[in-house]
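Notes follow the structure.
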Amino acid sequence: EKLELTAVNYHDALLSLNRMNRLAEHSLAMVNRDPDRTALWVKSLLLGLSVPEVAETIQSERGDALELLPEFARLLIRAQILQTQGKEKAARRSLREPFRGPWNLQYIQEQIALLLRLGAPGEASNLLGYYGPGLRIAESMAQQYLINLASNDEWGAQSVFRGLLRKDLSAQRILRLQLLLIRAPNRECFLQLHRMLQADAQLAEQVNGAVMWATGLVCNAPVEAKTWQRDEHLIYGDGYPAIDQLDFMTARMDLKNSVIHIINRVDLPRGVIWELLARMNQQRQLELPGG
């Protein structure tokens with residue numbers, strides 16, 4: 001138990017420091033050692049493989065280990081490597097068909113997310129049509145929100161988000177909505193969530209204010225975001241950084257508006273850190289020559 005706990009703590013340290021090379025190597029090594037957390041290790045492996053030099057190293061040096069992963073995980077890993085290498089058509093072809101074996105919700109989410117990053121919302125929608133009957137209604141709606149925004153259907157996305165807000169909400173379900181907004185920002189949807197929580201003091205008290213603050217910055221609502229600053233979520237320092245937005249184009253920890261600085265200064269859940277780093281890595285790759 002101590003070994004597994006140490007492995008998870010080491011994972012979280014690598015994640016917060018954006019050490020994508022070591023994160024990918026560690027996650028791949030842990031898949032077979034810690035099968036109860038396979039989905040966690042695969043998710044972080046996928047994140048690491050979104051960085052070109054990491055994908056090249058893992059594919060060339062650990063290809064045999066990749067082939068030992070569960071079949072659905074192998075499908076995602078191959079597609080991620082293809083995307084990172086710029087082979088987007090091949091990546092889309094490998095992902096457009098639904099997986100016919102045993103389902104895993106996290107892998108379904110990643111398959112749809114990969115297609116959306118590849119600019120294929122229609123194919124992602126087809127997948128949701130196949131997987132949807134086996135998903136909870138709220139999760140199916142969450143995926144539809146992402147697909148609508150990727151299809152430039154902002155009105156449809158906002159309508160779906162309003163529907164999600166009408167569900168029986170808890171702090172955990174609010175976190176799911178925050179993760180959606182970090183992955184696919186929409187200012188009006190964030191304001192809907194902000195206003196709803198402002199009107200429900202009991203639920204607002206259960207929500208992680210630091211996550212609302214970070215989500216508001218991502219969604220271009222800094223004034224509302226600052227109302228959620230709660231000092232109990234600070235890791236160090238005597239206050240939140242005085243910033244109005246996050247800079248996803250730098251990986252420097254010393255810049256107060258960088259993602260790396262924020263995730264090491266403010267206590268954020270692992271899922272939020274994943275989404276922030278995924279967004280940072282994606283935007284930085286797009287700015288590279290040929291990206």
Side-chain angles (χ1 to χ4, degrees), residues 1-88 90-91 94-95 104-107 109-111 113-114 117-118 179 183 235 248-253 258-264 268-286 288 291:
E1 291 176 0
K2 287 185 178 180
L3 176 62
E4 291 175 358
L5 179 60
T6 300
V8 172
N9 289 338
Y10 180 51
H11 162 278
D12 290 348
L14 293 171
L15 189 68
S16 295
L17 294 171
N18 195 39
R19 292 286 304 278
M20 290 293 115
N21 53 343
R22 291 294 301 132
L23 180 71
E25 293 170 3
H26 177 60
S27 298
L28 181 56
M30 287 304 300
V31 169
N32 290 326
R33 297 183 193 175
D34 186 19
D36 290 340
R37 295 186 181 89
T38 295
L40 180 153
W41 303 120
V42 170
K43 185 176 179 70
S44 285
L45 177 56
L46 285 166
L47 178 63
L49 291 172
S50 67
V51 178
E53 55 269 28
V54 177
E56 181 179 354
T57 299
I58 293 294
Q59 186 181 38
S60 62
E61 298 180 4
R62 303 299 305 280
D64 292 344
L66 293 178
E67 291 303 314
L68 298 177
L69 293 172
E71 185 180 359
F72 204 165
R74 291 202 307 274
L75 168 71
L76 299 174
I77 295 298
R78 291 188 189 117
Q80 180 61 74
I81 291 174
L82 287 169
Q83 184 201 17
T84 305
Q85 293 174 334
K87 302 173 182 177
E88 297 193 348
S94 70
L95 290 168
N104 178 302
L105 174 59
Q106 188 167 292
Y107 295 167
Q109 293 169 339
E110 293 295 336
Q111 186 178 7
L114 271 167
R117 289 201 295 274
L118 288 162
L179 293 173
R183 178 173 293 193
I235 299 174
F248 287 95
M249 293 309 301
T250 180
R252 288 178 54 181
M253 188 181 293
S258 76
V259 170
I260 308 302
H261 179 84
I262 295 304
I263 63 180
N264 283 279
L268 297 170
R270 182 189 296 132
V272 173
I273 295 173
W274 261 325
E275 292 295 344
L276 290 172
L277 289 175
R279 187 169 184 80
M280 183 190 78
N281 288 339
Q282 181 182 4
Q283 290 191 205
R284 293 184 73 208
Q285 293 306 320
L286 288 173
L288 291 174

> Would L75 and Q111 count as a side-chain contact (heavy atoms from CB on, under 4.5 Å) if you check the C-alpha gap in whole Å, the side-chain angles of each, and the deciding distance to 0.1 Å?
Replying inline: CA-CA 9 Å; L75 168 71; Q111 186 178 7; 4.3 Å; yes
Distance-only side-chain donor-acceptor flag, [X] / [Y], under 3.5 Å:
{"X": "Q106", "Y": "Q109", "answer": "no"}
{"X": "R183", "Y": "Q282", "answer": "no"}
{"X": "T84", "Y": "Q80", "answer": "yes"}

Looking at side-chain heavy atoms only, is the closest gap between [X] and [Y] below 4.5 Å?
{"X": "N18", "Y": "I263", "value": "no"}
{"X": "M253", "Y": "L17", "value": "yes"}
{"X": "L66", "Y": "I81", "value": "yes"}
{"X": "L23", "Y": "L15", "value": "yes"}
{"X": "L95", "Y": "L76", "value": "yes"}
{"X": "Y107", "Y": "L46", "value": "no"}
{"X": "V8", "Y": "W41", "value": "yes"}
{"X": "L45", "Y": "L69", "value": "yes"}

>> Between R22 and E25, does any side-chain N to carboxylate O distance fall below 4.0 Å?
In response: yes
Taking all heavy atoms of [X] and all of [Y], pick out the closest pair and write down the distance.
{"X": "S258", "Y": "T250", "answer": "CB-CG2, 3.6 Å"}
{"X": "L114", "Y": "A79", "answer": "CD1-CB, 4.3 Å"}
{"X": "N104", "Y": "A39", "answer": "ND2-CB, 4.3 Å"}
{"X": "P70", "Y": "T38", "answer": "CG-CG2, 4.2 Å"}
{"X": "P35", "Y": "N32", "answer": "CD-O, 3.7 Å"}

How long is the gap from [atom1] on [X] to [atom2] on [Y], to the nearest 0.5 Å?
{"X": "L28", "Y": "S44", "atom1": "CG", "atom2": "OG", "value": "12.0 Å"}
{"X": "I273", "Y": "D12", "atom1": "CD1", "atom2": "CG", "value": "7.0 Å"}
{"X": "L47", "Y": "M20", "atom1": "CG", "atom2": "CE", "value": "4.5 Å"}
{"X": "R62", "Y": "T57", "atom1": "CZ", "atom2": "OG1", "value": "11.5 Å"}
{"X": "L276", "Y": "I260", "atom1": "CG", "atom2": "CD1", "value": "9.0 Å"}
{"X": "S50", "Y": "Q83", "atom1": "OG", "atom2": "CD", "value": "8.0 Å"}

Counting only heavy atoms not in [X], do more than 12 fall under 6.0 Å of its [atom1]?
{"X": "Q85", "atom1": "CD", "answer": "yes"}
{"X": "D64", "atom1": "CG", "answer": "no"}
{"X": "R33", "atom1": "CZ", "answer": "no"}

> So, S16 side chain and A13 main chain: donor-acceptor pair closer than 3.5 Å or not?
Replying inline: no
> Should the ring pair H11 and H26 be called parallel, tilted or perpendicular, given that the plane angle runs from 0 to 90° and is split at 30 and 60?
Replying inline: tilted
> Between N264 and I235, does a side-chain contact (heavy atoms from CB on, under 4.5 Å) hold up when you go through it step by step?
Replying inline: CA-CA 7 Å; N264 283 279; I235 299 174; 5.7 Å; no
